[in-house]
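Residue numbers run from 1 in the order of the sequence given. Note that the structure is a prediction, hence the values are computed from the model and not measured. Atoms within each ligand, like the ligands themselves, are counted from 1 in listed order.
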Amino acid sequence: MLICRTFGDIRATVAEWRRAGETVVFVPTLGNLHQGHLQLVELGARHGERVVVSIFVNQLQFGKNEDYALYPRTLDADVGKLESVGADALFCPSDTEVYPNGIEHQTTVAVPTMTDILCGATRPGHFTGVTTIVTKLFNIVQPDKAVFGIKDFQQLAVVKRMTQDLCLPIEIIEAPVARADDGLALSSRNGYLNARERAIAPALYRTLLGARESIAGGERNYALLEARAQVALLEAGLRPDYFSVRAAKTLEPAGPADQDLAILAAAWLGRTRLIDNVTIRIAG
Ligand code: PAF
């Protein structure tokens, strides 16, 4: 696997592949890779000849009181994992090349309305940090396609909207949620959980599945369903941030006319914030 540390390196590498007619698939990450990331790479490899993975801990998307300083930097282990799944190149740029004027002076890309709800309500500025870095990475790497996980459902919806609105010539590939055997969605932040919290954590997915089952069984009072789910989370030992039934594409609160629904949840377990979601299509 090639390791490219500068814009010049990765651009020259990708340009050569594209000149040879190869399709380049991009998997952006924050590093601290787990099996879920490796599945994104494997999915990417099925969509093109070359897979480029980036590792960049993007300060712009972390709030002031969030875990930017604490976020695990595990480059050596990450390189080994990426080699094991056959990634073609790793792009790990420096902060100074990515943000030459400092993050406070960075021009930003902001998607309106979808970004100040759900996770955006408790993480102001987070999605603008994401869309800004994703735009920059797209411009640096210039891939044909990019893979994003459904685990971060709101991020995926926001990136799809941005890609469409800005006419970016990049196909977005959606990767299914990778889960542990007990259902917990794989996340770098699961590493923050102690043994007691880790045992409680799968209740988030179980509660989502329960809500989906209720909707499949005909429940259309989403407010009631959300309230019940919040109680179930509290009883399980989680502190819900939100539990919400939304229109999958727009992330607006689901109404009677919506058929493609996403049930999204975020909850605190000690100092760790977990998110997860399930989707359901209902007949009109
Ligand atoms: O999902 C992530 O890991 C990050 O938000 C991303 C897309 C790599 C942007 O920094």
Side-chain angles (χ1 to χ4, degrees), residues 4 7 10 25-41 43-44 51-63 66-75 77-78 81-82 87 89-95 97-99 103 106-111 114-115 118-120 122-141 143 145-163 166 168 170-178 185-192 251 264 266 272-277:
C4 300
F7 294 5
I10 191 67
V25 185
F26 177 45
V27 182
T29 82
L30 297 171
N32 189 25
L33 303 180
H34 52 67
Q35 194 54 35
H37 294 109
L38 303 185
Q39 289 181 16
L40 303 186
V41 177
L43 180 65
V51 179
V52 176
V53 179
S54 68
I55 292 180
F56 181 68
V57 186
N58 174 41
Q59 189 173 359
L60 198 61
Q61 71 188 73
F62 286 79
E66 292 183 4
D67 54 346
Y68 172 70
L70 215 88
Y71 198 87
R73 275 83 168 163
T74 52
L75 192 63
D78 290 348
K81 290 175 187 169
L82 291 174
L90 167 63
F91 175 48
C92 43
S94 66
D95 284 326
E97 195 173 13
V98 175
Y99 293 119
I103 56 168
Q106 172 63 43
T107 302
T108 54
V109 176
V111 173
M114 296 172 101
T115 49
L118 302 168
C119 285
T122 40
R123 304 186 69 189
H126 167 69
F127 286 110
T128 297
V130 170
T131 42
T132 300
I133 192 64
V134 170
T135 303
K136 285 166 78 83
L137 290 168
F138 280 180
N139 285 334
I140 299 160
V141 176
K145 304 178 183 182
V147 185
F148 289 84
I150 295 173
K151 152 85 177 12
D152 297 309
F153 194 91
Q154 188 174 8
Q155 170 173 282
L156 172 64
V158 167
V159 166
K160 286 198 307 197
R161 174 68 63 82
M162 174 191 83
T163 305
L166 300 183
L168 304 179
I170 295 169
E171 181 190 331
I172 305 299
I173 299 165
E174 304 182 13
V177 184
L186 300 189
S187 162
S188 300
R189 292 189 169 102
N190 294 352
Y192 299 154
L251 301 183
L264 302 126
T272 309
R273 187 171 175 280
L274 301 177
I275 61 170
D276 202 349
N277 67 86

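- Exactly one of Leu40, Val41, Val27, Leu82 qualifies for a side-chain contact (heavy atoms from CB on, under 4.5 Å) with Leu33. That residue is Leu82.
- Between Tyr71 and Phe62, the ring planes are perpendicular. Angles over 60° get that label, and only those under 30° would be called parallel.
- Listed by chain and residue number, Asn32, Thr74, Tyr192 satisfy the side chain to side chain contact (heavy atoms under 4.5 Å, CB included) test with Pro72 (two or more places apart in sequence, or in another chain).
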Distances for all N or O pairs of ligand 1 and the protein under 3.5 Å?
| unit_1 | atom_1 | unit_2 | atom_2 | d |
| --- | --- | --- | --- | --- |
| ligand 1 | 1 (O) | Gln155 | OE1 | 3.4 |
| ligand 1 | 1 (O) | Gln155 | NE2 | 2.8 |
| ligand 1 | 5 (O) | Gln61 | NE2 | 2.9 |
| ligand 1 | 5 (O) | Gln155 | OE1 | 2.7 |
| ligand 1 | 10 (O) | Gln61 | OE1 | 2.6 |

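- No side-chain heavy atom of His37 sits less than 4.5 Å from a side-chain heavy atom of Lys81.
- Under the side chain to side chain contact (heavy atoms under 4.5 Å, CB included) criterion, Ala157 pairs with Met114, Leu251, sequence neighbours left out.
- Every residue meeting the side chain to side chain contact (heavy atoms under 4.5 Å, CB included) condition with Gln155, not counting sequence neighbours, appears here in chain and number order: Phe127, Val130, Phe148, Asp152, Val159.
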